[in-house]
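As the structure is a prediction and not an experimental result, all values here were calculated from the model. Here is the naming used below: chain letters follow the sequence lines, and residue numbers restart at 1 for every chain.
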Amino acid sequence: MYRRLVLLIVFIVSIPGLLAASTLGDNVREHRLENGATLLLIERHTSPTVAAYISFRVGSVNETSEERGAAHLLEHMLFKGTKTLGTRNYAAEEPMLEQINALGAQIDRLKNQVASDPHELERLRAELTRLQKEHRQFVVTDEFSRIYAENGGIGYNAFTGKDQTTYLINLPANKLELWAAIESDRLQNAVFREFYTERDVVAEERRRSYESNPQGMLYETLLATAYKVHPYRDPVIGWESDIANLSPEKIRGFFSRYYTPVNMVITLVGEFESVAAIELVERYFGKLNPGVPVPPVSDREPQQRGERRVVIDFDCENSMMIAFHKPTMPQAEDYAFDILMQVLADGRTSRLYRELVVEQEVASSVDIFSAPGARYDNLMIIRLEPRSGHSTAEVEAALYRELERLQDEPFSEAEIAKARKQITMGQMRRLKSNSGLARTLSSFEVLGDWRYLLDYEEKLNMVNAQDIMKIAERYLTADNRTVAILSRGGEG
Amino acid sequence: MMRLVTFLLCLPLLLGGCTLPVVLSETTGPRPDELVFPPLEFRFPEVQKVQLDNGMRVYLYEDHELPLVSLSLMVEGGDINDPLEKTGLSELFATTMETGGTKSLSPENLENELEAKAINLSVSASTYAYELGLSLHRNDLERGLDIMTELVRSPRFAEDRFELARKQMVEGLLRMNDDPGSIAVRLLAEAVNPGHPFGTTPTVEQVKSISREDLFDLHQHYFQPANFYLAISGDITEADLMTLLDKEFSGWGGAEPLVRDYPALPDQQDGKILLAFKDIPQTTILMGHRGIDKDNPDLFALRLADFILGSGGLNSRLMREIRSNRGLAYSVYSYFRVGRQLPGSFIAGSETKSGSTVEVVRLMREMMQQIIAEPVSPAELELAKKSLINSFVFAFENSHSVVNRVMDHDFYGYPPDYMSTYRDKVAAVTVEDVQQAARKYLHPDKLQIVLVGDSRVYADEINSLGLPVEMVDLEQLR
C-alpha cells in the first residue's frame with residue numbers, strides 16, 4: 001500500500017500450463033462460506049510463510065460517472081483504520097469527523113460555482129486545515145501498517161483494477177489469525193478518517209503516474225480514444241476533477257454496495273493446515289452479511305467504424321501505442337490472440353522485434369500486451385518507439401506490413417509450438433512464489449472461475465494456424481484500430 | 001576433483017512470537033494486536049558449497065517442487081572498472097554478449113534455440129560484477145548449461161549485433177530526458193560522485209568510441225574460472241550437477257583470481273540545489289550524499305535509523321508527516337544504499353505538485369535534522385526492530401534467493417555469521433546507538449538536492465533554503 005498501485009497497463013491473460021494440468025487441480029481446496037464468500041487454499045510446506053489475498057469482483061468499471069475514482073480512493077481509505085484501530089477514542093473522534101466532512105462538502109460545493117467568492121473559499125480551507133490538525137489528536141496514524149510490520153508482514157498492499165480489486169499481505173505462518181482479525185474488522189468497521197488529506201495524496205499519485213509521466217499519459221489517452229461508451233475508457237484513478245469531487249459519502253456508498261461476501265474471494269497459499277484455516281476464516285468472516293452481487297456493466301462499446309488517431313504534445317521523444325479491439329477470455333478467439341501476441345512481439349525472435357528493430361532498424365523497442373481489463377472485451381496494444389531519425393509514420397507502415405502478412409501467410413507449426421512453450425513456462429515461473437500463485441488463482445476466480453487455468457494448456461493446444469489467420473483478418477484492420485502518438489510539438 | 005562442504009548447518013530456531021497479554025473485552029474481543037500466536041518454527045535452509053580445482057565456487061540448493069532450474073553466475077569485474085572515457089563499456093559488453101552468439105552458434109541460431117525451449121539467458125553488468133542468469137525446464141538443463149558455458153568461454157560478439165547494441169544504447173541516451181525520475185537519478189549520481197565511475201553517465205560520443213576489440217579484451221581479462229561464482233537452485237541433484245560441471249569446466253583454468261582495486265571516491269561535496277526545468281505539474285525531488293559500506297561497525301544502528309526516518313514505508317516519519325498528515329505526496333522515502341565495497345549513498349526522494357516543492361524539501365531536511373538532534377522514541381525503535389526481526393523469515397521464501405544470497409555474501413566478503421547473527425544484532429541496538437549513527441552519517445548540509453519540474457514556480461522561493469542553486473540545461477546533457 002506504500003506502493004499501492006493502480007493496475008496500470010499489463011493485465012496477464014495467459015496462464016500456467018504444466019503445473020495446472022498435472023498438479024494444480026489436485027492441490028487447490030475450495031470452500032464456500034454460507035454468506036457466499038469463496039475460499040481457495042493451497043497448502044505449501046516449503047517455507048513458514050503465507051500469502052493472503054482478498055479479492056472482490058468489483059473495480060472502476062462499476063462506478064457511475066458521478067463516482068469515478070471511488071474504487072481506488074476507497075482502497076486508500078481502507079488503510080485508515082476502524083472503530084478500534086487507528087483511533088485513540090472513536091466516540092470522541094466521531095463528531096469531529098462529521099464536522100470535517102460537512103466542511104469538506106461545503107468547500108466542494110462552493111469551489112464548483114462559477115462565481116464563488118475566493119476569500120470565502122480561502123477562509124473555509126483554512127478552517128478545514130485547522131480542524132484536520134485538531135483531529136490528529138485522535139488519530140493513531142497508519143496503525144494497520146504498524147501492526148502488520150511488527151508481526152513481520154511484508155508486501156502489505158492493494159491493487160484496484162478496472163474489474164477487480166485485491167488486498168494482500170504476506171505473513172509468517174504463525175500470524176494467520178492476525179490477518180483474519182484485521183481484515184474482517186476493516187470490512188465491517190472501516191472508518192474513513194483523514195479523507196480530504198488522502199484525496200490530496202491521490203491527486204499527487206495521479207500527477208505522478210499520468211500527468212508528469214509520458215507513458216502514463218499516452219496509455220490513458222489511448223484508452224479514452226479507443227473506447228467511447230464502455231467504462232474501460234476512464235482511468236481507474238479517475239480524472240483530475242473526479243478526484244477533486246469525491247466525497248466520503250460516495251466512497252461509503254460504493255463500499256457498502258459491493259465489498260461483501262458474495263463478491264469476495266479469499267485465497268491463502270503457504271504453510272497452514274487447511275482444516276484449521278477454514279475454521280479460522282469461518283470464525284472471522286462467516287458473520288459478515290452476504291450483500292448482493294455486483295451487476296454486470298450494461299454499456300456496450302459500439303463497433304468501431306474507422307481508424308481513430310490522437311496526438312499528444314509532451315516534452316519527450318516520440319513513441320506510440322496502437323490498439324485493436326478484441327474478444328476477451330474465455331472466448332475461443334482469445335486463446336488464439338495469446339498465441340498471436342506471443343509470436344508477434346514477445347522476445348528477440350518475435351516477428352516485430354526481428355523485422356522492426358533488428359532488420360529494418362526503424363524502431364528501438366516494441367512491446368505487446370492486452371488491456372485494460374479481462375472481464376469485458378478488451379484491446380491488443382502494441383507499443384513502439386521509433387529509432388531516432390525515423391518518423392512514427394515509417395514505423396507504422398512497417399508494422400502494418402507485418403500485420404498484413406498475418407492474413408496471407410499462416411504461422412509455421414514451429415512458431416506456434418514455441419509460443420505455447422513460452423507461455424506455459426512463463427506461467428510456471430510465476431507459480432514459484434506463494435504470492436504469485438495466490439495472485440493468479442484469486443484473479444481468475446474473480447474473473448469467472450479459477451478452473452480456467454486447468455484446461456488452459458489444452459485450449460492453447462487446439463489453436464491452429466488457420467484460427468490465427470482468421471482473427472488477424474477479422475480484428476487487425478484499419479477500421480478497428482486506434483493510434484495514439486506522443487511527440488514533442490505534437491507533430492506526430 | 002571437488003571438495004564438498006556443507007556451508008550452512010541446519011539450525012532449528014524458534015522465532016519469537018508476539019506474546020503480549022490478551023485483554024479480553026466482553027463486547028469486542030481482543031484487538032488484533034493483542035492476539036497470542038504460537039511460536040514460528042524456522043530452519044536455515046542448507047546450501048551446499050563446492051569449489052572446483054580451477055577456483056570456481058559453486059553453490060547449490062535443491063528444490064524439487066516444480067521442474068525448473070535457475071542458475072546465476074557472478075564474474076569479477078563490473079562497470080566500476082570502466083575507463084571514464086569509455087563509460088558504458090560494461091553495459092555494451094553485457095548486451096552484446098547476450099545477443100551476439102557464441103563460437104559455434106550464430107546470434108540467430110542461439111536465439112532460436114533458446115526461445116524454442118523457453119530458456120531465459122541473460123547477461124548484465126552491475127557495479128562490481130558481470131552477472132549471467134539462466135532459467136529453464138529441468139529437461140533442458142544439460143543443453144542450457146552447454147550453451148551458457150560456451151557463451152562464457154567463447155562469446156562471438158557478432159559484428160552486426162555489436163552495432164545494433166551500440167545504436168540501441170545511443171537511443172537510450174537520446175531518450176534519457178523523457179522521464180523526470182531518470183533525469184533526477186542521473187543528476188544526483190553526478191553531483192554526489194563527480195568524476196568517479198559512480199557519477200558518470202555515458203555520452204553518445206563515448207558509446208560510439210567503444211570498439212568490438214574492447215569487448216574481447218574485457219572478456220579475456222575477467223572471464224576466468226578463478227573469478228566465477230555459480231549459484232544453482234531447483235530440480236537438480238548434487239550428483240547430477242557434479243557430473244555436468246565436470247563435463248563443462250574440467251580442463252579450463254590456470255588464471256589467478258583478480259585482485260580487486262577500485263578508484264577512490266571523490267571528497268564529500270558541499271550541499272547545493274540543482275534545478276532542471278521540465279514543463280510538468282509535479283516536481284521530482286531527489287537528494288543524497290555519501291553513505292557507508294557493509295563493513296561499517298554502525299551498520300545495524302543505521303539500518304534502524306533508516307527504517308524510522310524513511311525506509312519503513314508508512315511506518316516511517318517521512319511518510320507519516322509528508323503523506324499521511326499533510327497529503328503532500330504519494331511517495332516519500334529515504335534509505336542508505338549500503339556499498340558492497342566502496343561506500344554507497346544516502347538517498348531521499350519524493351514527488352509533489354510544483355507549488356509545494358520547497359515545503360516538501362524543507363520538511364525532509366527538518367526530519368533528517370530531527371533524528372540527529374533528538375532521540376527516537378522507544379516505541380518507534382521497537383517497531384523497527386520487530387519488523388526487521390519478524391520479517392527475516394521472508395529472506396528464505398524463494399529457493400533461488402536462498403542460494404543467491406550465500407553466493408553474494410561470499411563474493412562480497414560478508415562475515416560468515418552475517419545471517420545467523422542478523423536478528424541478534426538488530427535486537428541489540430539502543431536508542432542512543434540510533435542517534436549516534438544518525439549524527440555520524442546524516443549530513444543535511446551536504447545534501448545534493450535535485451529538483452526536476454516546473455522550476456519557474458519555485459525558483460525564487462528555493463533561495464530561502466540557504467544553499468547555492470545551479471540551473472541545469474537538460475539539452476546540454478545528451
Side-chain angles (χ1 to χ4, degrees), chain A residues 1-2 18-19 46-49 84-85 136 141-142 145-147 149-154 170 172-175 177-178 181-182 185 194 197-201 204-205 207-208 211-214 315-317 347-349 358 361 364 385 387-388 414 418 421-422 425-426 428-429 431-434, chain B residues 15 17-18 28 31-33 35 37-42 63 65-68 99 111-112 115-118 135 137 164 167-168 171 174-175 178-180 278-282 312-315 319-320 323-331 351-353 383 386-387 390-391 393-394 396-398:
Chain A
M1 116 105 183
Y2 162 47
L18 297 175
L19 190 95
T46 48
S47 141
T49 56
T84 47
L85 293 180
R136 262 184 238 159
T141 310
D142 299 315
S145 199
R146 172 187 69 79
I147 296 172
E150 284 187 342
N151 284 283
I154 64 162
N170 298 276
N174 61 333
K175 303 289 171 60
E177 184 168 3
L178 179 73
I182 288 185
D185 182 30
E194 301 173 300
T197 314
E198 200 60 27
R199 199 173 74 174
D200 290 344
V201 170
E204 290 293 352
E205 185 182 357
R207 284 183 200 107
R208 182 181 191 261
E211 287 154 32
S212 303
N213 176 331
D315 178 20
C316 64
E317 302 301 313
R348 292 205 304 267
T349 63
V358 180
E361 299 196 17
S364 58
E385 288 179 340
R387 181 75 78 74
S388 53
K418 180 177 75 178
K421 174 118 192 190
Q422 287 176 332
M425 276 288 283
M428 187 155 57
R429 289 183 177 111
L431 299 186
K432 278 167 82 171
S433 72
N434 289 343
Chain B
L15 289 179
C18 179
T28 57
R31 283 166 50 100
D33 52 349
L35 291 166
F37 304 106
L40 187 73
E41 265 193 61
F42 164 74
D63 173 1
E65 192 189 19
L66 293 167
L68 294 173
T99 56
E111 284 169 357
N112 286 342
E115 294 200 352
K117 295 184 163 79
S135 156
H137 194 278
L164 179 66
K167 286 180 193 162
Q168 292 284 89
E171 286 300 309
L174 295 175
R175 289 181 178 275
D178 286 3
D179 171 56
K278 188 125 182 117
D279 189 8
I280 45 179
Q282 189 181 56
L314 284 171
N315 295 306
M319 267 296 218
R320 192 175 310 131
R323 172 171 161 153
S324 301
N325 285 348
R326 299 185 190 236
L328 289 171
Y330 172 72
S331 156
E351 300 92 11
T352 190
K353 60 188 176 296
L383 161 60
K386 279 184 170 173
S387 175
N390 288 331
S391 65
V393 62
F394 285 98
F396 306 94
E397 201 186 24
N398 170 304

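- Heavy atoms closer than 4.5 Å to chain A are found nowhere in B:Asp63, neither backbone nor side chain.
- For the set A:Val358, A:Leu178, A:Thr46, the count of heavy-atom pairs under 4.5 angstrom toward chain B peaks at A:Leu178.
- For B:Glu115, there are no salt bridge (charged side-chain N to carboxylate O under 4.0 Å, His left out) partners two or more places apart in sequence or in a different chain.
- Scored by the salt bridge (charged side-chain N to carboxylate O under 4.0 Å, His left out) test, B:Arg326 finds B:Glu321, B:Glu359 as partners (sequence neighbours excluded).
- Note on B:Ala116, B:Ser135, B:Pro180: by heavy-atom pairs under 4.5 Å with chain A, the leading option is B:Ser135.
- Atom OG1 of A:Thr141 and atom CE of B:Met319 lie 12.5 Å apart (nearest 0.5 Å).
- Only the side chain of A:Glu361 comes within contact range of chain B, judged by heavy atoms closer than 4.5 Å.
- Note on B:Leu164, B:Asp279, B:Leu68, B:Asp179: by heavy-atom pairs under 4.5 Å with chain A, the leading option is B:Leu68.
- Of the two parts of A:Ile182, the backbone and the side chain both hold a non-hydrogen atom closer than 4.5 Å to a non-hydrogen atom of chain B.
- In this structure, chain B has no heavy atom under 4.5 Å from any part of A:Asn213.
- A distance of 3.5 Å separates OG of B:Ser324 from CG of A:Asp142, quoted to the nearest 0.5 Å.
- Contact of A:Glu150 with chain B is made through backbone and side chain together, with heavy-atom distances under 4.5 Å.
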